[in-house]
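Numbering of ligands and ligand atoms starts at 1, following listing order.
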Amino acid sequence: MPLIRLSDPSAPLPSEITPQAVYLDRRRFLATGAAGVAGLLLPEAHAAPLKAAPGPYSLKEKPNSLDEITHYNNFYEFGSSKTDPAKYAGQLVVDPWTLKIGGHVARPLTLDYDQLFRIAPLEERIYRLRCVEGWSMVIPWIGVPLASLLKQVQPTSKGRFVQFVTLERPSQMPGQRTDLLPWPYREGLRIDEAMNPLTLLAVGLYGETLPKQNGAPIRLVAPWKYGFKSIKSIVAINLVEQQPTTTWQQLAPNEYGFFANVNPEVDHPRWSQANERRVGEFSRRKTLMFNGYGEQVAGMYSKLDLRRWF
Ligand SMILES: Nc1nc2c(c(=O)[nH]1)N[C@H]1C(S)=C(S)[C@@H](COP(=O)(O)O)O[C@H]1N2
Ligand SMILES: [Mo]
């Protein structure tokens, strides 16, 4: 775990007696130990090892390489090209961080950086991610079911949807200094989708804390939906009564629906969704209904016309 506890809670915080940059570096050094010494010289120095037990629903497929997962990204806060996040996300400060969970809940909760890693025991889950653009990857996430966080805050009967909001910090997110998207990035799930055991809050991948370009320090992973639902660098989770507006719906409601379930039979207005290219491969493969997760999720949509509610 990427954290150091002070034994005496009344003692001054290291941040009060040391300039913050020095404190962060020292903490990082202490957290990663001897193995971290070399790591401090690398741009990914912030990554810290995470212990996770194997979780359910992991694919038996071979994951994409760490290099592919960290150099072919969509994270418009850092630009619209696939290589922009790897180039520019390094400047994002993710520790300290504040995640607020509120709205229609009995017990609102605010988590700091260290607490993000202690919501519940960490699990490794190898999931497929299918981008609406027609490519896919297999990623060994580390995280916890979103349900385990929601059970702690206790949604009330008015909490019928869950809204997620990304950090808005244009000084460290160059894309937010443009009008590429309406900021901050927002997403949403119906409460049953949010409580589904597949739905993950990821805090790491490949055994370490999340690379910044993948949504550090905490992001959503809803693997049966197109990748844009899996919102990165979350600062707020709100339980709301009405279906929340989402960024892509707001931008192009005829192209991106609220549900955004992966569906090879319903084409995007401008291209087919029948097949996909796995990043790193040449030939295309067939896209699977619900991205292959139908057994876990199809029941939630039995009454829904998936052509209308795309
Ligand atoms: N805040 C935020 N979250 C985001 C995006 C974004 O631009 N901003 N892009 C989405 C899209 S389109 C995809 S495909 C996935 C990509 O996740 P990855 O880069 O970790 O593979 O992140 C999603 N989450
Ligand atoms: Mo995407």
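The residues lining ligand 1, counting any heavy atom closer than 4.0 Å, are Asn73, Asn74, Phe75, Tyr76, Glu77, Cys131, Trp135, Thr166, Tyr185, Asn214, Arg219, Gly227, Phe228, Ser230, Ile231, Lys232.
For residues 216-236, every residue pair satisfying the salt bridge (charged side-chain N to carboxylate O under 4.0 Å, His left out) rule, not counting sequence neighbours, is listed here: Glu187-Lys229, Glu193-Lys225. Sorted by first and then second residue, the ring pair (Phe, Tyr, Trp, His ring centres under 6.0 Å) pairs involving residues 261-280 (not counting sequence neighbours) are Tyr256-His268, His268-Trp271.
Separation of the Trp248 and Tyr76 ring centroids falls under the 6.0 Å cut-off. Between Phe290 and Tyr293, the ring center distance fails the sub-6.0 Å criterion.
A salt bridge links Glu61 with Arg278: the distance from a Lys NZ or Arg NE/NH1/NH2 to an Asp or Glu carboxylate oxygen falls below 4.0 Å.
Residue Phe310 shares its hydrophobic cluster (ILVMFWY side chains chained together at separations under 4.5 Å) with Val266.
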